[in-house]
Number of protein chains: 2
Amino acid sequence: MTVTTRTAATLPLALEWSTDNCQVARTMAILGERATIEVLREVFNGVRRFDDMHRHSGVARQVLSNRLAMLVDEGILRRVPYRPEGARVRHEYRPTAKGLDLYPILTAMADWGARYVVGPEGAPVEMAHRGCGSRVHAVLECESGHRLDDPRDVAPVPGPGATRIS
Amino acid sequence: MTVTTRTAATLPLALEWSTDNCQVARTMAILGERATIEVLREVFNGVRRFDDMHRHSGVARQVLSNRLAMLVDEGILRRVPYRPEGARVRHEYRPTAKGLDLYPILTAMADWGARYVVGPEGAPVEMAHRGCGSRVHAVLECESGHRLDDPRDVAPVPGPGATRIS
DNA sequence: CAGTATCCGGTGCGATACTG
DNA sequence: CAGTATCGCACCGGATACTG
């Protein structure tokens, strides 16, 4: 036994389970590149056209092009054609439902970052409730309705897609 | 005006605000590398010794060494010496409070990944409430007590650390 | 305005070998 | 067992130039 302590004896040990195809790692594989998170921030902030994103974020055009294509390919953004009056057709990038569902992830990162990685001047960005204007945070809740304020009450367990290691 | 639509007129336009030092990007800079998330998963799963992590995760020794040092340096993990009886002193890596506070991020990613990036066999990993065993999810809640089930009710706004552009 | 083509540098990561 | 040293490749990302 190499693992020293486990709080609950019913929780299986990680060493007995494969972590291949872990959905957290897969999610990070999509979001983890630096340019990707910059592109997403622009889109969620309402900046949706190529050149505006380029100027505002500073991401190189080639990289921006690559990331936008990848995010469209993943179904996180979609290209929407529109026509400014008197001009030819243009495209803008908007989040899909799958893209909007990234908000809990971005909010959780904004919360953690605000607490641990920003200086005394405060966080550059916050999440707000459109309805009432209050700040929004990501909180943990279990399906029995308990709210988990202490992260030590959480533990990863193998899901239905886990595979046992010999 | 290059931005096409905004739901609430009170929300400032992103183009007027610098996104430098955004805490989401900074957080991603720490967590975004592939090996980092693998290391964190091992630690949160209770695998805390170097060689166990190496064998179980498949991360190369040099990379594992680098990531562990970085995470200790960031205050997310700490090295804890211990002595198995009859052996010389060893070290294990444990999450700090700052590290445990990553749970909302990891849970939000597990939720999103389970919905969008895993096959029909189901998610390999889930989060559980130690107290009652129920599955744990990350939900959005505002400081006025509203629960936000629709991510379209969220909008990023400049925080106290934001700086106006010219 | 909205990209693509091409080149190049930095580095994340894997593999192998070595140390206390 | 728990790392460090070294090598090499792949790839992300920046800069410049070109196209419809």
Peer 1: Taking ring pair (Phe, Tyr, Trp, His ring centres under 6.0 Å) as the definition, give me every residue that meets it alongside Y116(B), ordered by chain and number, with sequence neighbours left out.
Peer 2: W112(B)
Peer 1: Using Watson-Crick and G-U wobble pairs whose two distances are both under 3.5 Å, how do you write the pairing of DNA chain C as dot-bracket, with | for links to another strand?
Peer 2: ||||||||||||||||||||
Peer 1: Between residues 28-35 of chain A and DNA chain D, which residues have a heavy-atom gap below 4.0 Å?
Peer 2: E33(A), R34(A), A35(A)
Peer 1: Could you list the donor-acceptor pairs under 3.5 angstrom formed by side chains in residues 22-30 of chain B, with sequence neighbours left out?
Peer 2:
residue: Q23(B); atom: NE2; partner: A110(A); partner atom: O; Å: 3.3
residue: Q23(B); atom: NE2; partner: V125(A); partner atom: O; Å: 2.8
residue: R26(B); atom: NH1; partner: V117(A); partner atom: O; Å: 2.8
residue: R26(B); atom: NH2; partner: N21(B); partner atom: OD1; Å: 3.1
residue: T27(B); atom: OG1; partner: Q23(B); partner atom: O; Å: 2.7

Peer 1: What nucleotide, of dA2(D), dA15(C), dA15(D), holds the atom closest to the side chain of A60(B)?
Peer 2: dA15(C)
Peer 1: Between C1' on dG3(D) and CE on M53(B), what's the gap in Å once rounded to a whole number?
Peer 2: 12 Å
Peer 1: Only counting residues at least two apart or in another chain, list the ones meeting salt bridge (charged side-chain N to carboxylate O under 4.0 Å, His left out) with D153(B).
Peer 2: none
Peer 1: side-chain hydrogen bond (donor to acceptor under 3.5 Å, both in side chains) with S134(A): which residues, sequence neighbours excluded?
Peer 2: S144(B)
Peer 1: The side chain of F50(B) lies closest to which of these nucleotides: dA5(D), dG14(C), dA2(D)?
Peer 2: dA2(D)
Peer 1: Excluding sequence neighbours, so at least two apart, what forms salt bridge (charged side-chain N to carboxylate O under 4.0 Å, His left out) with R90(B)?
Peer 2: none
Peer 1: What salt bridge (charged side-chain N to carboxylate O under 4.0 Å, His left out) pairs are there with at least one residue in residues 134-146 of chain A, not counting sequence neighbours?
Peer 2: E126(A)-R135(A), E141(A)-R147(B)
Peer 1: dG14(C), dG3(D), dC1(D): which one has an atom nearest the side-chain heavy atoms of D51(B)?
Peer 2: dC1(D)
Peer 1: On a heavy-atom basis, which atom in P124(B) and which in A162(A) lie closest, and how many Å separate them?
Peer 2: O-CB, 3.3 Å
Peer 1: Can you name the residues that form a salt bridge (charged side-chain N to carboxylate O under 4.0 Å, His left out) with E38(B), not counting sequence neighbours?
Peer 2: R34(B), R41(B)
Peer 1: Taking N or O atoms only and anything under 3.5 Å, show me the protein contacts with nucleotides 17-20 of chain D, one pair per line.
Peer 2:
residue: dG20(D); atom: N2; partner: R88(A); partner atom: NH2; Å: 2.9

Peer 1: Enumerate the residue pairs fulfilling salt bridge (charged side-chain N to carboxylate O under 4.0 Å, His left out) with a member in residues 113-123 of chain B, sequence neighbours excluded, ordered by first and then second residue.
Peer 2: D101(A)-R115(B)
Peer 1: Quickly work out the Y93(B) OH to dA2(D) C1' distance and round it to whole Å.
Peer 2: 8 Å
Peer 1: Is there any salt bridge (charged side-chain N to carboxylate O under 4.0 Å, His left out) pair reaching into residues 63-82 of chain B, and which pairs are they, with sequence neighbours excluded?
Peer 2: E33(B)-R67(B)
